[in-house]
There are 2 protein chains.
Amino acid sequence: MELDQLTECYKAMADKTRLNILALLRHEELCVCELVEILKMTQPSISQHLRKLKQAKLVKERRNSQWIFYSIDGEIYPFIKANLDALPDMSEKIEQLKASGGKVCC
Amino acid sequence: MELDQLTECYKAMADKTRLNILALLRHEELCVCELVEILKMTQPSISQHLRKLKQAKLVKERRNSQWIFYSIDGEIYPFIKANLDALPDMSEKIEQLKASGGKVCC
DNA sequence: ATTATATATAAACATATGGTTATATACTAA
DNA sequence: TTAGTATATAACCATATGTTTATATATAAT
């Protein structure tokens with residue numbers, strides 16, 4: 001692949017928050033406010049991380065009325081599956097969100 | 001895997017120069033001065049990039065008298081092969097180095 | 001011992017990055 | 001149309017990062 005594209009990909013992955021986001025999205029698509037809730041970070045911060053991931057084509061977005069749902073993309077990277085598989089399991093966080101009624105949405 | 005370890009790995013890969021180094025080391029082990037020659041960068045700059053790669057356990061070093069040869073490691077990362085396979089082929093650069101007599105070493 | 005070569009480290013600086021607060025935009029509902 | 005909710009963007013700031021120049025360390029050769 002092109003080194004510039006690869007650099008952008010690894011830059012996008014070179015941050016703990018963004019790896020957390022990818023690890024969460026591996027389970028299911030989530031909207032911004034759900035990520036804010038789970039990661040206990042401010043909404044602008046999450047939004048800017050999502051923008052980086054989107055620019056690197058690691059996630060894609062889908063609008064549903066007022067919400068924007070993000071999900072894993074990365075299909076341009078032949079190694080993406082191997083990398084995602086190395087991320088820790090975050091299903092517990094998702095369960096907590098659902099248990100606290102924070103799901104579907106905000 | 002641990003997110004901190006993964007973050008360090010992707011940080012180490014999030015730079016064009018370091019991806020170039022990894023792409024070159026895929027072909028064969030190289031010493032610092034050979035990398036300096038191929039990449040047309042200063043020796044301290046290359047050394048510091050190598051240090052980051054070494055700290056992330058992506059490369060290892062081997063001393064041979066005055067030279068220190070670096071080679072690919074990364075065995076702690078289950079995805080390393082897939083990622084290295086996505087790097088561009090740099091055999092031409094290696095050939096040029098050998099043709100110009102810059103090999104074995106400096 | 002002295003000189004030369006290979007590499008590492010340190011200091012300084014400019015740029016990039018991530019977080020915060022404030023504000024703008026988009027959609028919904030009344 | 002107005003108010004409310006979800007998200008994006010902008011401006012600002014502190015910290016991280018990459019490069020350069022200068023210097024230190026390590027090995028080799030004389």
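Atom CG in B/L35 sits about 9 Å away from atom P in C/dT7, given to the nearest Å. For A/D15 and D/dT15, the CG to C1' distance is 13 Å, given to the nearest whole Å. Note: CG (A/L19) to C1' (C/dG18) measures 15 Å, nearest angstrom. Rounded to an integer number of Å, the gap from A/W67 CH2 to C/dC27 C1' is 10 Å. Residue A/N64 contributes atom CG, which lies 14 Å from atom C1' of D/dT5 at whole-angstrom precision. In this structure, CZ of A/F69 is placed 11 Å from C1' of D/dA6, rounded to the nearest angstrom. Whole-Å rounding puts the B/Q66 CD to D/dT27 C1' distance at 6 Å. A/E8 places its CD atom 15 Å from the P atom of C/dA16, with the value rounded to the nearest Å.
Considering only heavy atoms from C-beta on, B/Y10 comes within 4.5 Å of A/L19 through its side chain.
To the nearest 0.5 Å, atom NZ of residue B/K52 and atom OG1 of residue B/T17 are 11.5 Å apart.
Tested against A/K98 for a salt bridge (charged side-chain N to carboxylate O under 4.0 Å, His left out), the candidates A/E28, A/E92, A/E34, A/E37 yield a single pass: A/E28.
For B/R26 (side chain) and B/I72 (main-chain N/O), no donor-acceptor pair under 3.5 Å exists by modelled atom type.
Distances shown here put a side-chain N or O of A/Y70 below 4.0 Å from the OP1 or OP2 atom of D/dA8.
In the set C/dT28, C/dT7, C/dT5, the nucleotide with an atom closest to the side chain of B/I68 is C/dT7. Relative to the side chain of A/R63, the nucleotides D/dA8, C/dA26, C/dA8 differ in distance, and C/dA26 lies closest.
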Intermediate values then yes/no, side chain to side chain contact (heavy atoms under 4.5 Å, CB included), A/H27 and A/D89:
CA-CA 9 Å; A/H27 295 292; A/D89 186 294; 3.8 Å; yes
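Taken residue by residue, residues 36-55 of chain A places heavy atoms nearer than 4.0 Å to DNA chain D at A/Q43, A/P44, A/S47, A/Q48, A/R51.
A/E75 pairs by the side chain to side chain donor-acceptor pair (under 3.5 Å) definition with nothing, not counting sequence neighbours. Every side chain to side chain donor-acceptor pair (under 3.5 Å) that A/R62 has, sequence neighbours left out, goes to A/E29.
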